[in-house]
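In what follows, every chain begins at residue 1, and chains take the letters A, B, ... in the order their sequences are listed.
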There are 2 protein chains.
Amino acid sequence: MKNIKEKLIELLKLGYCTPQIARIAKKIKEPSTTIHYNIKKLEKEGVIKTYKAVFDYKKIGIEFCSYVLINLAPEEYSNPERIARELIKFPQIECIDIVTGDYELILKIRTKNIEEYYEFVKNILSRKGIVKIKSLNSLKQIKSEFIEV
Amino acid sequence: MKNIKEKLIELLKLGYCTPQIARIAKKIKEPSTTIHYNIKKLEKEGVIKTYKAVFDYKKIGIEFCSYVLINLAPEEYSNPERIARELIKFPQIECIDIVTGDYELILKIRTKNIEEYYEFVKNILSRKGIVKIKSLNSLKQIKSEFIEV
DNA sequence: AATATTTTTGGAACAAAATTCAAAAAACTA
DNA sequence: TAGTTTTTTGAATTTTGTTCCAAAAATATT
């Protein structure tokens, strides 16, 4: 058996999807050429960044989810984006925001399990510039990416 | 003008997209019928919940984003899901999680601006059962829904 | 008001992709 | 091993997306 499932998940998580022009046209009762024109325009303008699948993460074995509140070292205050942009590439990170309040960064993390999360914290969140983190572990996800889960 | 843009955004935010089977087939060098079979299987099993667009929210005028940490009243501790599920329907809410730590719930909120956010807090987060909230306002989004923004 | 630009629309022709079907291969079960 | 289920696959069919007009309508600009 070919392990196609894993490859599909990897691709569909970030892209390889497309709008259903004919279905949308029927739904809002407009000609499909008009829908086509408008969607291509949104894509060109960068309004639409991608089309992707939303998964039931439990069902693909990504069981653990956590929000991480991060304090940066004072010398990073002048440019918190530096560390934030270093973190972009890690596929376990769903969201990164620079925020107001008692913390400088907030991350949303997804890992297979708590062991992988522990490794993630040790390896990735131990970098210079991060002085303190606080985990809010998700006990139950109710909504994610605007989708009820 | 028909304001098709708004209708498109509304539909594409939650669905009306589909996987690009032929493109995936080429990418991972498998017959497209095999890809088709596997994707339909994932859909039937509920592994894939939907296909949707990811937007540059700034470009569609959804400028404000905030994470809200919520403390529930003690009488809600036995069933924090009750309030969480009441909140699902509000389109401003991107994520809802029940979490460990000093708070019971965490939300991720998107509104046009801070005024709409203020209305949201007054009208929706003032409900019985919620005793305290803390906002972490996003100053800058770096990554969202796994996509660099 | 006149002009320019953008958006909407239809139709047709084409290209590309999705879906169905049947059969073969592989994996699993007893 | 024999039988069952699941997965893979190619060929044919159906559906859908794309493009190319050209024209009308709406909007914006001067």
Listed partners of Ala25(A) passing side-chain contact (heavy atoms from CB on, under 4.5 Å), at least two apart: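 Per chain and number, Ala25(A) pairs via side-chain contact (heavy atoms from CB on, under 4.5 Å) with Ser32(A), Ile35(A).
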Looking at dT8(C), I'd like to know if its phosphate oxygens (OP1 or OP2) sit under 4.0 Å from a side-chain N or O belonging to Tyr37(A).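 Looking at the OP1 and OP2 atoms of dT8(C), neither is under 4.0 Å from any side-chain N or O of Tyr37(A).
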Check whether any side-chain nitrogen or oxygen of Asn38(B) sits under 4.0 Å from OP1 or OP2 of dT7(D), and answer yes or no.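 So the side-chain polar atoms of Asn38(B) never come under 4.0 Å of the phosphate oxygens OP1 or OP2 of dT7(D).
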Would you compute the distance between atom CG of Leu87(B) and atom CZ of Arg127(B) and round it to the nearest 0.5 angstrom?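 Atom-to-atom, Leu87(B):CG and Arg127(B):CZ are 5.5 Å apart.
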When clusters are formed by joining ILVMFWY residues with side-chain heavy atoms under 4.5 Å apart, either directly or through shared neighbours, do Tyr103(B) and Ile83(B) land in the same one?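 No: no chain of side-chain contacts under 4.5 Å links Tyr103(B) to Ile83(B).
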Whole angstrom is fine here: how far is it from [atom1] in [X] over to [atom2] in [N]?
X        : N       : atom1 : atom2 : result
Glu30(B) : dT9(D)  : CD    : C1'   : 10 Å
Ile35(A) : dG10(C) : CD1   : P     : 11 Å
Lys29(B) : dT8(D)  : NZ    : C1'   : 19 Å
Lys44(B) : dT19(C) : NZ    : P     : 11 Å
Tyr51(B) : dA17(C) : OH    : P     : 17 Å
Asn3(A)  : dT7(D)  : CG    : P     : 12 Å
Lys41(A) : dT7(C)  : NZ    : C1'   : 8 Å

Base contacts versus sugar-phosphate-only contacts with protein, heavy atoms under 4.0 Å: please encode nucleotides 15-21 of chain D as B, S and - from 5' to 3'. -SSSB--
Hey, can you tell me if Phe90(B) and Phe120(B) have their rings parallel, tilted or perpendicular (30° and 60° cut-offs)?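 If you compare the ring of Phe90(B) with that of Phe120(B), the planes turn out perpendicular.
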Aromatic rings Tyr67(A) and Tyr67(B): how do their planes relate, parallel, tilted or perpendicular, breaks at 30° and 60°?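 It falls in the perpendicular class, over 60°.
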Applying ring pair (Phe, Tyr, Trp, His ring centres under 6.0 Å), name anything that partners Phe146(B), two or more places apart in sequence or on another chain.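 Partners of Phe146(B) under the ring pair (Phe, Tyr, Trp, His ring centres under 6.0 Å) test: none.
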